[in-house]
Amino acid sequence: MKVRIAPMAALILSLPAIAQAQPRSGIYIGAAAGANWREQITESTANGTRMSVSGETGFVGVASLGYALQNGIRLEVEGQYRAGPIGSTVVTLPTGMRFGSSSGRMSHYGGMANALYEFNLAALGVSAISPYIGVGFGYGVTDFSRASSPSNGRLRLTSAQLSGNNGSFAYQAIGGLSFSLGATVPGLALTLEYRYYVATGTTPSRNKYTPESANHSALLGLRYSFGASPAPPMPAQEPAAAAQTLARTYLVFSDWNRADLTDRARQIIAEAATARTATRPTRIEVSGHADRSGADAYNQALSLRRAEAVAAELTRHGVPRTEMVIQAFGESRPLVPTADGVREPQNRRVEIILR
């Protein structure tokens, strides 16, 4: 079975154009282990001898170091190791005579460079699970241990003849799910993934070669992102003074990554301006907020733009700026506590408080 990797790689590189801000960015490390199933190998040597090697379920382990971008792309380098027993080795001579054995072990090790795209499902209300896809390219070495065909007096394929420790080009396709464990350990995620891995092999020559090896793998692992921090706790509620019991609060919500006012937002601001005329408050607080889907500094500036837009509309309705206290809190005071990177509509707001 062959896999067309190039179209998948092109798809991953085009995904940033439609990407959302991701739950985590920066340097990360990962490790995973699981079961490996190798497809049957069929190769021919230079003298016309044909060999088939079937594999049984074996082990696979990988370790990676990477960097996650905010547009969903992850780039990483990876070391991996696969090993498993040989189910049977059958050698067919050019004359048609066949010999078989069922001993030995086949292992494969090497390094890969991977490009992956992680989907953000926060817009669908799912913040703890992130599916991802990816491709990888690299170099691997295949080795046979105690694998040989029975001798007929003229031919015996040894482990060295089968592999000779030859390395070759390798590629893989990756699909998986990431489950955030940030509530327990910030930055930690459990991963479950499938891989299709192919070591292309070398050209048969003088009865010594590395046959192509295609593998299916299922892995369970952990990934840790550095620099992660838990969601900030909600600020403690201070007892309200008697003079503040009559405070009125109006909430003006914004679209994601926007500071302009919707028609509904203008209606709420007009209601606040009318209430100000009727109640004559001593203090008007205009406080901007943002959700946790972007960087802290960016969200701080965005929340200030939202507060300024609301203050300008209040001024248009006759409220002097001298009566207003304009504040920006960024993502530090969420109305709905969320993990970092989550788009929460109720946290994209401006609070108008008449005291």
Side-chain angles (χ1 to χ4, degrees), residues 1-9 12 30-46 49-66 76-91 103-116 133-149 157-176 193-219 221:
M1 180 171 64
K2 303 291 184 181
V3 174
R4 299 295 183 183
I5 297 293
M8 190 172 181
I12 292 175
N36 185 73
W37 297 269
R38 191 178 65 252
E39 295 182 5
Q40 178 172 297
I41 297 172
T42 302
E43 291 286 352
S44 299
T45 62
T49 299
R50 192 164 182 264
M51 182 188 70
S52 296
V53 181
S54 63
E56 296 182 352
T57 302
F59 166 82
V60 56
V62 301
S64 59
L65 171 66
E76 64 181 29
V77 291
E78 171 188 273
Q80 56 177 252
Y81 176 77
R82 287 174 170 81
I86 294 174
S88 63
T89 303
V90 178
V91 176
S103 65
R105 187 174 181 83
M106 181 178 178
S107 61
H108 188 92
Y109 55 92
M112 304 291 287
N114 300 325
L116 305 101
I133 58 174
V135 295
F137 304 91
Y139 185 82
V141 176
T142 302
D143 188 33
F144 289 82
S145 175
R146 300 183 302 278
S148 63
S149 66
L157 294 181
T158 66
S159 298
Q161 288 174 317
L162 287 170
S163 67
N165 289 327
N166 289 328
S168 62
F169 172 73
Y171 62 88
Q172 64 182 348
I174 304 170
E193 62 183 41
Y194 162 80
R195 298 187 179 208
Y196 178 73
Y197 173 87
V198 176
T200 57
T202 59
T203 303
S205 176
R206 295 184 180 180
N207 212 29
K208 180 183 287 188
Y209 59 94
T210 300
E212 178 173 291
S213 174
N215 300 263
H216 303 270
S217 304
L219 299 101

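Residue numbers count from 1 along this sequence.
- Between the CG atom in Asn114 and the CD atom in Glu76 there is a gap of 4.5 Å [rounded to 0.5 Å].
- Atom CD of Gln80 is separated from atom CE of Met112 by 5.5 Å, given to the nearest 0.5 angstrom.
- At a cut-off of 3.5 Å, with distance as the only test, a side-chain donor of Glu39 or His216 sits close to an acceptor on the other residue.
- Across all non-hydrogen atoms, the minimal contact from Ser213 to Arg38 is OG-CD, 3.3 Å.
- A distance of 11.5 Å separates CD1 in Ile174 from OH in Tyr194, rounded to the nearest 0.5 Å.
- Rounding to the nearest 0.5 angstrom, the gap separating the OH atom in Tyr171 from the OH atom in Tyr196 is 5.5 Å.
- Between Phe137 and Phe169, the two ring planes are parallel [angle under 30°; tilted spans 30° to 60°].
- Checking Thr142, Asn215, Val141, Val60 one by one against His108, the side-chain contact (heavy atoms from CB on, under 4.5 Å) holds for a single residue, Thr142.
- Scanning both residues, Tyr197 and Gly140, for their nearest heavy atoms gives OH-CA, 4.3 Å.
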